[in-house]
A.B. asks: 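Structure below; questions to follow.
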Amino acid sequence: MNIILGATGQVGAAIVENLTGKGLPVRAVVRNAEKAGELKRKGAEVAIADYFDLSALTKAMKDGDLLFLLTPETVTSNDVLGDTEKLLENYHRAIAGSQIKSLIGLSSIGAQFSSGTGNLLMSNMLENKFADLNIRQVFVRPAYYYSNWMMSLDMVRESGMLPAFYPASLKFHMISPFDVAGYVADLIESGINQTGITEITGPVKYSPNDIAQCMGAFLNKEVQTYEIPEDEWAGIMKDIGFSDDATRNFIDMARLVASGKAEPEGKGQNPVLMGTTFEAYLQNYAIKSGG
């Protein structure tokens with residue numbers, strides 16, 4: 001049985017859909033029972049578990065062979081990294097008491113840094129938590145998701161301005177979250193036979209200016225990039241609903257990306273390039289959203 005945590009997130013839900021489409025057994029683990037219906041319709045077994053509830057988590061992993069897990073972010077936590085450590089400890093204890101033989105962890109490019117990187121430290125912690133367990137472990141480090149830009153699409157449509165926390169001309173790696181899900185599903189189907197780290201990116205780098213140009217072509221209007229000054233970052237995040245600690249961690253991560261240092265580590269055959277461009281992602285987004 002393939003156990004998928006985070007099964008209602010954009011990557012987790014797509015992994016479930018990929019696996020059930022391949023006829024593979026899936027148990028989707030969700031924290032909210034109201035979200036179970038769609039997963040069941042896709043052919044998945046569903047388990048309800050809060051990841052901070054060790055008993056429920058252990059039950060959800062029962063009879064599992066492979067586990068996909070992640071460190072879900074919360075913008076309201078007053079101790080982001082402390083809560084992450086508690087979550088990972090629960091994962092560790094549940095796995096240790098299970099029959100899990102293989103683990104795939106959703107990490108992030110930039111996880112190689114062990115300090116000063118804010119939210120990316122969650123991925124570093126994830127990659128190092130299970131070293132003492134005798135199971136096969138693969139950690140997938142995706143680039144920056146295209147979907148992050150889509151939160152600004154309505155603003156771009158209305159104002160012709162794309163807000164960006166990063167320098168307008170800075171090119172960095174990005175990727176479709178659906179390519180990430182497809183990669184993980186293919187990995188699960190082929191089987192895990194070794195431990196390692198895989199960094200995956202889209203086919204080309206983009207800058208915020210490139211994203212603005214793509215959105216302009218998509219919307220058939222001129223779009224310009226607005227670089228958000230760093231002294232405005234904290235106020236924006238708090239207005240959105242971020243706690244003080246979540247804001248600090250976001251800013252540390254944003255500074256790393258803005259510095260141009262959030263690059264793949266590049267060891268071995270890394271990074272692996274996926275095929276979806278941002279332009280293609282936009283077109284697919286239009287089809288799925290009805291415009």
A.B. asks: Give a yes-or-no answer on whether the side chains of Y206 and Q213 include a donor-acceptor pair shorter than 3.5 Å.
C.D. replies: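 Side-chain D/A pair, Y206 to Q213: absent.
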
A.B. asks: Just so I know, are the side chains of I15 and F178 near enough to count as touching, which here means a heavy-atom distance under 4.5 Å?
C.D. replies: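 A side-chain contact under 4.5 Å is absent here.
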
A.B. asks: Count the heavy atoms belonging to other residues, nucleotides or ligands that lie under 6.0 Å from CG of N134, then report whether that count exceeds 12.
C.D. replies: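 At most 12 heavy atoms, drawn from other residues, nucleotides or ligands, come within 6.0 Å of this atom.
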
A.B. asks: Given the rule in the side-chain contact (heavy atoms from CB on, under 4.5 Å) test, do E38 and T8 qualify, once you have shown the distances and angles that lead to the verdict?
C.D. replies: CA-CA 9 Å; E38 180 62 25; T8 57; over 6 Å; no

A.B. asks: Sequence neighbours left out, cut at 3.5 Å: what donor-acceptor pairs do the side chains of residues 113-120 make with other protein atoms?
C.D. replies:
none

A.B. asks: Using a cut-off of 6.0 Å, state whether more than 12 heavy atoms not belonging to K261 lie near its atom NZ.
C.D. replies: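 At most 12 heavy atoms, drawn from other residues, nucleotides or ligands, come within 6.0 Å of this atom.
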
A.B. asks: Quick check on E17: does its CD atom have over 12 non-hydrogen neighbours (other residues, nucleotides or ligands) under 6.0 Å away?
C.D. replies: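 Count not over threshold, so no.
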
A.B. asks: With side-chain contact (heavy atoms from CB on, under 4.5 Å) as the criterion, how do Y145 and N148 come out once you've worked through the C-alpha distance, each side chain's angles and the decisive distance to 0.1 Å?
C.D. replies: CA-CA 6 Å; Y145 289 156; N148 291 332; 4.0 Å; yes

A.B. asks: Could you state whether I175 and V257 fall into the same hydrophobic cluster, counting links through intermediate Ile, Leu, Val, Met, Phe, Trp or Tyr residues with side-chain heavy atoms under 4.5 angstrom apart?
C.D. replies: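 I175 does not cluster with V257.
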
A.B. asks: Compile the donor-acceptor pairs under 3.5 Å between side chains in residues 49-57 and protein atoms, sequence neighbours left out, one pair per line.
C.D. replies:
residue: D50; atom: OD1; partner: F52; partner atom: N; Å: 2.8
residue: Y51; atom: OH; partner: G6; partner atom: N; Å: 2.7
residue: Y51; atom: OH; partner: V29; partner atom: O; Å: 3.2
residue: D53; atom: OD1; partner: S55; partner atom: N; Å: 3.2
residue: D53; atom: OD1; partner: A56; partner atom: N; Å: 3.2

A.B. asks: Quick check: closest heavy atoms across A44 and T20, and the distance to 0.1 Å?
C.D. replies: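 So the two residues come closest at N-CG2, 4.0 Å.
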
A.B. asks: Would W149 and M174 satisfy side-chain contact (heavy atoms from CB on, under 4.5 Å), going step by step from the backbone distance to the final call?
C.D. replies: CA-CA 10 Å; W149 297 106; M174 304 181 195; 3.3 Å; yes

A.B. asks: Could you tell me whether K101 atom NZ has more than 12 heavy atoms of other residues or ligands within 6.0 Å of it?
C.D. replies: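 Yes - once you tally the heavy atoms of other residues, nucleotides and ligands closer than 6.0 Å, there are more than 12.
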
A.B. asks: Identify the two heavy atoms, one from W233 and one from I228, that lie closest to each other, and give their separation to 0.1 Å.
C.D. replies: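 For W233 and I228, the tightest heavy-atom pair comes out as NE1-O, 3.0 Å.
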
A.B. asks: Has the side chain of N78 got a donor or acceptor atom that lies under 3.5 Å from a matching backbone atom of D245?
C.D. replies: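 No; zero donor-acceptor contacts below 3.5 Å.
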
A.B. asks: Once the angle between the rings of F278 and Y146 is folded into 0 to 90°, is it parallel (under 30°), tilted (30 to 60°) or perpendicular (over 60°)?
C.D. replies: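 Perpendicular, since the angle between the ring planes exceeds 60°.
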
A.B. asks: Taking only residues two or more places apart in sequence or in another chain, which ones pass side chain to side chain contact (heavy atoms under 4.5 Å, CB included) with S169?
C.D. replies: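 S169: side chain to side chain contact (heavy atoms under 4.5 Å, CB included) contacts with N209.
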
A.B. asks: For R157, does its backbone N or O pair with a side-chain atom of K221 as donor and acceptor, under 3.5 Å?
C.D. replies: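 Looks like yes, one N/O pair under 3.5 Å.
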
A.B. asks: Please list, chain by chain and in numerical order, all residues satisfying side-chain hydrogen bond (donor to acceptor under 3.5 Å, both in side chains) with S207, sequence neighbours excluded.
C.D. replies: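 For S207 the side-chain hydrogen bond (donor to acceptor under 3.5 Å, both in side chains) partners, ignoring immediate neighbours, are D210.
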
A.B. asks: Count the heavy atoms of every other residue, nucleotide or ligand shown that sit under 6.0 Å from CE of M161, and state whether that count exceeds 12.
C.D. replies: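 Counting other residues, nucleotides and ligands, CE of M161 exceeds 12 neighbours.
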
A.B. asks: Can you name the side chain to side chain contact (heavy atoms under 4.5 Å, CB included) partners of A111, sequence neighbours left out?
C.D. replies: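 Residues passing side chain to side chain contact (heavy atoms under 4.5 Å, CB included) with A111: S107, S123, E127, R141.
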
A.B. asks: Please answer: with hydrophobic residues joined when any side-chain heavy atoms are less than 4.5 Å apart, are I197 and L126 in the same cluster?
C.D. replies: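 Yes, I197 connects to L126 through the hydrophobic network.
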
A.B. asks: Quick check: closest heavy atoms across A7 and I4, and the distance to 0.1 Å?
C.D. replies: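 Of all heavy-atom pairs spanning A7 and I4, the closest is CB-O, 3.8 Å.
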
A.B. asks: Give the C-alpha distance, both sets of side-chain angles, the deciding distance and a yes or no for side-chain contact (heavy atoms from CB on, under 4.5 Å) between N2 and F68.
C.D. replies: CA-CA 8 Å; N2 299 297; F68 170 82; over 6 Å; no

A.B. asks: Considering residues at least two apart in sequence or located in another chain, which fulfil the ring-ring contact (aromatic ring centres under 6.0 Å, His included) criterion with F172?
C.D. replies: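 Testing F172 for ring-ring contact (aromatic ring centres under 6.0 Å, His included), a comparison that skips the adjacent residues, returns Y144, Y166.
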
A.B. asks: Under a 4.0 Å threshold between the charged nitrogen and the carboxylate oxygen, would D63 count as salt-bridged to R27?
C.D. replies: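 No, this pair does not count.
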
A.B. asks: Has the side chain of Q137 got a donor or acceptor atom that lies under 3.5 Å from a matching backbone atom of F130?
C.D. replies: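 Yes; judged by distance alone, with no hydrogens or angles, the pair exists.
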
A.B. asks: Looking at Q99 and M61, would you say the former's side chain and the latter's main chain have a donor-acceptor pair under 3.5 Å?
C.D. replies: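 Pair absent, no side-chain N/O of Q99 close to backbone of M61.
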
A.B. asks: Do K40 and E45 meet the salt-bridge criterion of a basic N to acidic O distance under 4.0 Å?
C.D. replies: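 No salt bridge links E45 with K40.
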
